[in-house]
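Both ligands and their constituent atoms are indexed starting at 1 by order of listing.
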Amino acid sequence: MVAQADRLVTDEPVAAPAQTEAAGDNPLLEMDIEQLMHMELIQTTVPGAHWHWEDDWMVGYQFMRVQNEGYNVGTNSVSDQQVLRGGNYNNIHTSMTMDMHMLMAMYGPSDDVTLMVMVPYMDMTMNHLTRTGSSFQVKSQGFGDIRISPIVSIFDEYPHRVQFEAGLSLPTGSVNKKDLTPTGYNQLEYKMQTGSGTVDLQPALTYLGQNEDLNWGAQARGTVRLGTNSAGYRQGNMIELTAWISPKISDNFSPSLRIDALRWGNLVGRDSRLNPRANPESDPNLQGGEQINLLFGLNFAAGLDDEGRGHRFSVEGGLPIYQNLNGPQIREAWRLGGAWNWTF
Ligand SMILES: [Cu+2]
């Protein structure tokens with residue numbers, strides 16, 4: 001820590017005026033550390049949107065529920081009956097609930113490198129309506145794809161920092177989830193699988209900014225799927241752009257507003273166990289789309305020390321303000337989640 005503080009002071013000889021409430025014996029040193037430590041509330045719901053100093057550890061848990069209801073063809077919503085009758089499907093989905101529980105661990109081997117591991121557990125439910133008017137429900141649970149990410153600082157001059165993340169997603173989830181349906185114990189739809197089945201590259205570029213009154217930032221992340229999974233397909237590649245602004249109300253509380261834009265492709269290949277005429281979610285060509293979500297969050301900190309160790313937690317929820325789906329495809333209604341991080 002002494003070496004770190006020395007470096008911070010020498011790197012920042014003309015830092016902004018102090019607004020430190022907890023100045024100790026050395027106000028200048030305290031101020032520099034606080035500014036560069038990103039002490040304020042961070043965007044805990046965006047993985048990779050912070051870092052850790054050398055020898056600091058973090059463990060965390062994140063939860064997210066995504067509720068899907070109704071269908072879109074492009075940007076237009078269409079009724080369940082239009083899809084069922086018009087598309088001549090055996091059944092359609094009246095709703096889908098996806099819960100993701102994610103365990104995270106982070107460690108800083110140096111001030112410029114942070115390592116991150118994320119282990120998701122998925123719990124999904126789909127409600128079906130058949131042509132004969134009956135309904136049934138299927139469920140799938142299990143671990144998803146584990147992501148390992150080294151995060152490297154490529155620019156760091158208060159109040160700006162830019163990080164590159166070399167994310168790698170491993171196929172630890174399943175592409176063979178089955179459940180009981182009216183016709184037997186069957187392979188579940190693509191969206192009900194807990195993993196992609198392929199090794200996926202997930203590079204990200206993150207920009208973080210802060211001053212005494214505000215946190216802001218943006219992240220661009222790509223997902224590039226390599227090869228073909230054991231079920232005979234490759235999920236579509238994805239690009240995600242997100243940006244947020246978070247005014248600091250106090251040292252322990254900041255609301256946030258975030259915009260999240262996603263674009264993802266159809267499947268390449270298909271799972272021969274799924275009949276694409278059964279329902280839209282079994283059709284490999286009705287999987288892609290683009291979406292923009294608007295999210296509102298509340299971010300809290302508790303027991304933070306001068307070096308940024310302590311607890312941070314957030315709740316965040318939002319709605320899509322734009323959805324353009326290769327459809328008919330079930331569309332998102334809302335999402336709600338939260339995260340807790342403990343740095344020590
Ligand atoms: Cu962390």
Peer 1: Kindly confirm whether the Cu ion (ligand 1) is within less than 2.8 Å of some N/O/S atom in Met58?
Peer 2: yes

Peer 1: Which value, rounded to 10°, describes the NE2(His52)-the Cu ion (ligand 1)-SD(Met106) angle?
Peer 2: 120°

Peer 1: Taking side-chain hydrogen bond (donor to acceptor under 3.5 Å, both in side chains) as the criterion, tell me which of Asp179, Asn275, Thr181 meets it with Asn186.
Peer 2: Thr181

Peer 1: With respect to the Cu ion (ligand 1), please indicate if Thr343 possesses an N, O or S atom at a distance under 2.8 Å.
Peer 2: no

Peer 1: Any chance you could measure Leu295, atom CG, to Gln43, atom CD, to the nearest 0.5 Å?
Peer 2: 9.0 Å

Peer 1: Grouping I, L, V, M, F, W and Y whenever their side-chain heavy atoms are under 4.5 Å apart, do Met238 and Ile292 come out in a common cluster?
Peer 2: no

Peer 1: Among pairs that include at least one residue of residues 234-283, which meet ring-ring contact (aromatic ring centres under 6.0 Å, His included), considering only residues two or more places apart or in two chains?
Peer 2: Phe253-Phe300

Peer 1: What N/O/S atom of His50 gets nearest to the Cu ion (ligand 1)?
Peer 2: NE2

